[in-house]
Amino acid sequence: MNGATSGNKLKRIVIILTLVAIAGAVLWGVRRCNSYQAQKQAEEMRREQRDSTIRAVINRHSRLYTAEAKSRKTITYTSDNTFKVKIAGIEKDIKLPLGRTEATIPVIVTYKAYIDLERVTASDFQVSGDTAIAITLPDPVIVETAVAIDHDKEKMKKQWLAKSLTYEQYQSLVRKAKDEAWEELSIDDQTNIIETAKVSATDILIPQLRQLGFRNIRIDYREDFDIMDIIREKR
């Protein structure tokens, strides 16, 4: 009888110890899981804060104007004053003597290239460890920032019976010169303003990224970038 009682007590003790061990294992697993989740969340928050800081450093420049080029386009205009006559039912334009108007208008267009850093998102840079970063920047953009007329070399010649250029005609000639000025630059000059913009943007960003602790920095542009893409847009 005593032996059976002792056996039952031993079984209860073993069951209790087993349950305690299981509970301990479950509690340890839960704590470890919670610790892992907390560590993961902390790491995610740290990564988001780091990415936010990087974007803030890059995006604060907005449009980073880094290169400039000037092009000169001289537009010429010739027109004869005429009057209409009807001969045998057919109208003809007859040039008036001393009725020619000639104009030479030199137009200087200033172009600037910029990198739109506001377009950089977290998907455009990759961070490896705490000291390496690779960034792909947007394509350079070229805009006309100034249009000037070289009045010192501007020529207007009007004969006695000629018509003067109207304001609308004059402005139309200036617009035509402005629109064609980009093509006056050689392909080397067009390429140079793009490359200068890219190099200058790199030179500006690298010191600021170093201040964030990065030592291995790579700044790239898309591999299929083609200067002709921008040239075509200007035409």
Partner set under side chain to side chain donor-acceptor pair (under 3.5 Å) for E102, not counting sequence neighbours:
none

Heavy-atom count check: over 12 atoms from other residues, nucleotides or ligands less than 6.0 Å from R210 CZ?
yes

Non-neighbouring partners of E180 that pass side chain to side chain contact (heavy atoms under 4.5 Å, CB included), sequence neighbours left out
K73, I75, K176

Without swapping roles, check the side chain of Y111 against the backbone of W182 for a donor-acceptor pair under 3.5 Å.
yes

For atom CD of Q126, decide whether the heavy atoms of other residues, nucleotides or ligands shown that lie under 6.0 angstrom number more than 12.
no

Over all atoms of both residues, closest heavy-atom pair of A201 and Y221
CB-OH, 3.8 Å

Cluster membership besides L161, Ile/Leu/Val/Met/Phe/Trp/Tyr side chains within less than 4.5 angstrom, sorted by chain and number, is L98, W160

Non-hydrogen atoms of A67 and A197 that approach each other most closely:
CB-N, 3.7 Å

How many angstroms lie between atom CD1 of I193 and atom CD1 of I142, to the nearest 0.5 angstrom?
5.0 Å

Where V107 and A177 come nearest, the two heavy atoms and their spacing:
CG2-CB, 3.6 Å

If I take atom CG from residue D139 and atom CD1 from residue I194, how far apart are they, to the nearest 0.5 angstrom?
8.5 Å

Applying side chain to side chain contact (heavy atoms under 4.5 Å, CB included), run through D150 and R72 and close with a yes or a no.
CA-CA 9 Å; D150 188 352; R72 184 184 187 92; 2.8 Å; yes

I would like to know whether R119 and L137 meet side chain to side chain contact (heavy atoms under 4.5 Å, CB included); could you show each step before the answer?
CA-CA 8 Å; R119 292 170 52 195; L137 294 182; over 6 Å; no

Look at the side chain of S71 and the backbone N and O of E184, then say whether any donor-acceptor pair between them is shorter than 3.5 Å.
no

Is there a donor-acceptor pair closer than 3.5 Å between any side-chain N or O of Q159 and the backbone N or O of R100?
yes

Mark yes or no for whether T191, through its side chain, and I187, through its backbone, hold a donor-acceptor pair below 3.5 Å.
yes

K163, NZ: over 12 other non-hydrogen atoms inside 6.0 angstrom:
no

Tell me every residue that passes side chain to side chain contact (heavy atoms under 4.5 Å, CB included) with T145, counting only those two or more places apart in sequence or in another chain.
T110, K112, V143

Which residues satisfy the side chain to side chain contact (heavy atoms under 4.5 Å, CB included) test with D189, sequence neighbours excluded?
L185, S186

Can you name the residues that form a side chain to side chain contact (heavy atoms under 4.5 Å, CB included) with T76, not counting sequence neighbours?
T104

Does the pair L212 and I133 meet the rule for a side chain to side chain contact (heavy atoms under 4.5 Å, CB included), with working shown?
CA-CA 11 Å; L212 296 180; I133 185 171; over 6 Å; no

For the hydrophobic clusters of this structure (ILVMFWY residues joined by side-chain heavy atoms under 4.5 Å, transitively), does one cluster hold both V141 and V199?
no

Between P207 and I204, the two heavy atoms sitting closest are CD-O, 3.5 Å

Can you hop from I108 to I105 via hydrophobic side chains spaced under 4.5 Å?
no

